[in-house]
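Report on the structure given below.
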Amino acid sequence: MLKNMSLKRIICLVCAFAITVSSIVGLNWSVKSDAFEKVTITVNLETTIKITNSEGETLIINGDTFGNVSGTMDILEDKTLYYQPSYLRQLLVRKSDTYIIEQTNEGSNYIDIDESEYGGFVSFNTGDKCKAVVKFFPQSEVTLEGEKQLYSIDAWLTEKSADYEISGMLYKPIYMKEEKNKLIVTGALGKTDISVDAFFGKHIIEGSYYLFGGETVLGYNDKRAFVKNAVKINSKYTKRPVGLYVRPVNSNKNMFLSWTKVIKAHSYIVYKRDYASKKYKKVAIRNGRETNYYIADIKDNGIYEYKVLAKTKKNGKGKKIGKLSYGVKAVPLTNNKENAKSVYINKESLSLKKGKKKTIKAQIVQGEKTLLDRKTRWISSNNKIAKVNKKTGKILAVRKGKCKIWAKAHNGKNSNKIVVRVHK
């Protein structure tokens, strides 16, 4: 995306969408422009594209940025822009209400349609078979469908100049529509990178989320940016599987397990406890980029308990990295028991002399039902500074320094972290 190509895109006075699709062949777009009298088409490609406007005029660009141009569309200006490390070809044509862009053979490309002097534009890269429809009037909309492929969509919206970015793997058709201060995304499934940025404010969200194919809302208000109906995925790295968290999601239709990325891990083996045999059995293998496991069909009376093991090679092969993780468990919202809602420690800091011990307590916040499990698991960020008994919460001050200690409920819900300072 040439996001910094012009300041006019930041001060856009009209609705604008930018689309970047990785891996597309046989592409078809429909773009409706505003009343600006001319449209700029910018390309950088190694394939052939055909552009057709609402009057039936065509523009065919062959091969690459400097390929032959043919067709019946009137080109008012044709120039080359030098943006290292690539070159861009910019074609100025007369304004039309609709542009249909078709890519008929394999090859990557970049295409940008700037339909307003204030920055309304559409841009994308392609490589695999896909179809997209983009409309600016009467409401900004995007529909994207095609073969399984990587995609990225940018949307610049209305007067407050919010910038929404969403990218991931295309499994099913994705539909996006604009509403006031938010973008409604339907159909996005799986791990997705999301960014929401209000240009003239400080409302920024950036991170990886898991979307469930239903309706996800990206937006911002006077206080913050937000993502609704999605689960945020931890992007930190550790030396062994930790940070496990399992919970019902998607209106209690599914169960979702996530964990922290492990350094040098190329796959993860997920184990589920079988309560009949009282043993953990392998239920899934996830690649090194996927630090989550999605359980589609859950039962009201089921208890979902998991552990994770990291491996050095793909497909669950190679050496194990660290030990098998601790277990986490949860039940559906319709179960006669319930999960921990939060964990609280009534202390923010603790000062201990080297060699001294101190036991602290954690309180699990629950609702009206019986809690699935009242036990907590205690964790220290640095055992060389202060150790903590994982079952009792008894802290041992080891040597001078500072670390953090917290408690974790049965489902992986973390408490607030207390700062432990050890002195001589």
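Bear in mind that the values here come from a model prediction, so they are computed numbers and not experimental data. Note that the numbering runs from 1 along the sequence shown for the chain.
No more than 12 heavy atoms of other residues, nucleotides or ligands shown are found within 6.0 angstrom of NZ on K387. No more than 12 heavy atoms of other residues, nucleotides or ligands sit less than 6.0 Å from atom CZ of R240. The environment of F226 atom CZ is dense: over 12 non-hydrogen atoms of other residues, nucleotides or ligands sit within 6.0 angstrom. No more than 12 heavy atoms of other residues, nucleotides or ligands lie within 6.0 Å of NZ in K404, so this atom counts as exposed by the packing criterion. Enclosure of atom CD in E55 by more than 12 non-hydrogen atoms of other residues, nucleotides or ligands within 6.0 angstrom is indicated.
Side-chain atoms of K417 never come within 3.5 Å of backbone atoms of E348 as a donor-acceptor pair (strictly under, hydrogens ignored). In terms of modelled atom types and a separation under 3.5 Å, the side chain of T312 and the main chain of K319 share a donor-acceptor contact. The main-chain N or O of L257 is never found under 3.5 Å from a side-chain atom of N292 such that the two would form a donor-acceptor pair. Remark: side-chain polar atoms of T260 are not paired, donor with acceptor, to backbone N or O of K236 under 3.5 angstrom. A side-chain donor-acceptor contact under 3.5 Å links N53 to the backbone of E57. At least one donor-acceptor pair under 3.5 Å links the side chain of N411 to the backbone N or O of A340. The closest donor-acceptor contact from the side chain of N250 to the backbone of K253 lies at 3.5 Å or more, if one exists at all. Looking at N339, its side chain never comes within 3.5 Å of a backbone N or O of A330 through a donor-acceptor pair. Here the side chain of T48 pairs no donor or acceptor atom with the backbone of N62 at under 3.5 angstrom.
We find the OG-CG distance between S325 and L244 to be 4.5 Å, quoted to the nearest 0.5 Å. Going from atom NZ of K390 over to atom OG of S380 covers 14.0 Å, rounded to the nearest 0.5 Å.
Salt bridge status for D74 with R94: present, with a side-chain N to carboxylate O gap under 4.0 Å. The existence of a salt bridge linking K369 and E338 is excluded, since no basic side-chain nitrogen approaches an acidic carboxylate oxygen closer than 4.0 Å.
Ring pair F212/Y210 is tilted by interplanar angle, where 30° to 60° counts as tilted.
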Determine, step by step, whether T334 and D300 satisfy the side-chain hydrogen bond (donor to acceptor under 3.5 Å, both in side chains) criterion, reporting the C-alpha distance in whole Å, the side-chain angles of both residues, the deciding distance to 0.1 Å, and the verdict.
CA-CA 5 Å; T334 47; D300 291 346; 2.5 Å; yes
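Not less than 6.0 angstrom separates the ring centroid of Y245 from the ring centroid of W259.
Residue L211 is tested with I174, L189, T186, I194 for a side-chain contact (heavy atoms from CB on, under 4.5 Å); the sole match is I194.
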